[in-house]
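Data block below; observations after.
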Amino acid sequence: MALDQSFVGRSYPPTAPYEVGREKIREFAEAVGDGNPAYTDRAAAEALGHPDVIAPPTFVFAITFRAARQVTEDPQLGLDYSRVVHGDQKFVYSRQVRAGDRLTVSSTIEAIKSMAGNDILDVRGDVHDESGELVVTAHTKLVARGPESEEEG
Amino acid sequence: MAAKIAYADVETGTELPAQTFPVDRERLVRYAGASGDFNPIHWNERFAKDVGLPDVIAHGMFTMAEAIRVVTDWTGDPASVVEYGVRFTRPVVVPDDDKGASIEVSGKVAAKLDDEARTVRVDLTVLSAGQKVLGMSRAVVRLA
């Protein structure tokens, strides 16, 4: 069932702040096996010009994806999440996320397309810090596979 | 910016040092915990096969996180990445054996974008088991 085009442009209210913890960054960096000292050693981050340890580039996805649930679980939109796969992901950074940031995410539906029986949903997540500055924008393309395209996997 | 690679020292076609990243089941469990993505297709073989996958697959976001390391290890400063996007074209299948899978990443400077901002576009090629797993994998990188 095609999604309602009138949802294009719909924005959702900003999420409650997510506080970026130093140890959470360390846990993430270790999980991806990335030993860059800017993620774990404040002095190393400072040497690169950052006020505190920074997060790996894709760390913020955990925050924006959680925020995007407002969209994917919007009962009015009616997306069948059990059929959703992650199509594309892009980040545009104003600066890197860092420890101590309190981040809110505002999600917007940028596009809804129907292709070959699949619904394609583009969600933009604007991530702001406590002072209201834009830190990063996440562009997430979700593909809800139609029943007839099931064999493609 | 404290990138250790200077804009003046690269040209279109400059290759970044390629890297291979191993991925086994333990790593997927760790990534699930660190990222908060507990979708069972990334750790439960029975569930993965039930939904038509050949086996447990890596999180697409895990592969995306590994691929950009070719850039951040090259420049030294992760904040040199000003834009990064990928398309998830094929899953990385991770068998439950001693070897797991591996993700092979190479990259090259595809274009010098802006002499003033010292930005270049890096195109990444990301393979697992000889097949492309990410498409349109590109970063805009600010150099010194």
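Quick note on labels: first sequence line is chain A, next is B, and so on, each numbered from 1.
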*Name the region of A:Pro56, side chain, backbone, both or neither, that has any atom closer than 4.5 Å to a heavy atom of chain B.*
neither

*Counting only heavy atoms not in B:Arg90, do more than 12 sit closer than 6.0 Å to its CZ atom?*
no

*asked:* With a 4.5 Å cut-off on side-chain heavy-atom distances among I, L, V, M, F, W and Y, is there a chain of contacts connecting A:Val105 to A:Tyr12?
replied: yes

_Using the rule that Ile, Leu, Val, Met, Phe, Trp and Tyr join whenever any side-chain heavy atoms are under 4.5 Å apart, tell me whether A:Val60 and B:Val82 fall into a single cluster._
no

*Select, from B:Pro22, B:Ala34, B:Ala32, B:Gly36, the one with the greatest count of heavy-atom pairs under 4.5 Å involving chain A.*
B:Ala34

*Shortest non-hydrogen contact from B:Arg27 to A:Val32?*
NH1-C, 3.8 Å

*asked:* If you compare all heavy atoms of A:Pro57 against all heavy atoms of B:Ile68, which two are closest, and at what distance to 0.1 Å?
replied: CG-CG2, 4.1 Å

*Same cluster or not: are B:Ile103 and B:Val71 linked, directly or through other Ile, Leu, Val, Met, Phe, Trp or Tyr residues, by side-chain heavy atoms under 4.5 angstrom apart?*
yes

*Find out if a path of hydrophobic residues (ILVMFWY) with successive side-chain heavy-atom gaps under 4.5 Å connects A:Val136 to A:Val123.*
yes

*asked:* Report which part of B:Thr72 has an atom under 4.5 Å of a heavy atom belonging to chain A: side chain, backbone, both, or neither.
replied: both

_Is A:Asn36 in contact with chain B via its backbone, its side chain, both, or neither, using a 4.5 Å heavy-atom distance?_
side chain

*Between B:Met64 and A:Thr58, which heavy-atom pair has the shortest distance, and what is it?*
CG-CG2, 3.9 Å

*Proximity of residues 86-96 of chain A to chain B, residues having a non-hydrogen atom under 4.5 angstrom*: A:His86, A:Gly87, A:Asp88, A:Gln89, A:Lys90, A:Phe91, A:Val92, A:Tyr93, A:Gln96

*May I ask you to name which of B:Pro91, B:Pro78, B:Gly33 has the most heavy-atom pairs under 4.5 Å with chain A?*
B:Pro78

*asked:* Looking at every non-hydrogen atom in both residues, tell me the closest pair between A:Leu48 and B:Gly76 and how far apart they are.
replied: CD1-O, 4.1 Å

*According to a 4.5 Å side-chain heavy-atom criterion applied to Ile, Leu, Val, Met, Phe, Trp and Tyr, with indirect links allowed, do A:Met115 and A:Leu3 form part of one hydrophobic cluster?*
no

*Should we say atom NZ of A:Lys113 is surrounded by more than 12 heavy atoms from elsewhere, each under 6.0 Å from it?*
no

_Heavy atoms from other residues, nucleotides or ligands near NZ of B:Lys112 exceed 12 (cutoff 6.0 Å)_ = yes

*Step through the shown structure and confirm whether more than 12 heavy atoms of other residues, nucleotides or ligands are within 6.0 Å of CZ on B:Arg25.*
yes

*Give, as side chain, backbone, both or neither, the part of A:Phe65 having an atom under 4.5 angstrom from any heavy atom of chain B.*
neither

*Do B:Arg30 side-chain atoms and A:Gly33 backbone N/O form a donor-acceptor pair below 3.5 Å?*
no

*Is it the side chain or the backbone of B:Phe62 that comes within 4.5 Å of chain A heavy atoms, both, or neither?*
side chain

*Could you have a look at B:Val86, B:Val51, B:Leu134 and say which one has the most heavy-atom pairs with chain A under 4.5 angstrom?*
B:Val86

*Based on non-hydrogen pairs under 4.5 Å, which of B:Tyr31, B:Tyr84, B:Phe21 is most in contact with chain A?*
B:Tyr84

_Contact check, side chains of B:Ser35 and A:Phe61, non-hydrogen atoms, under 4.5 Å_ = no

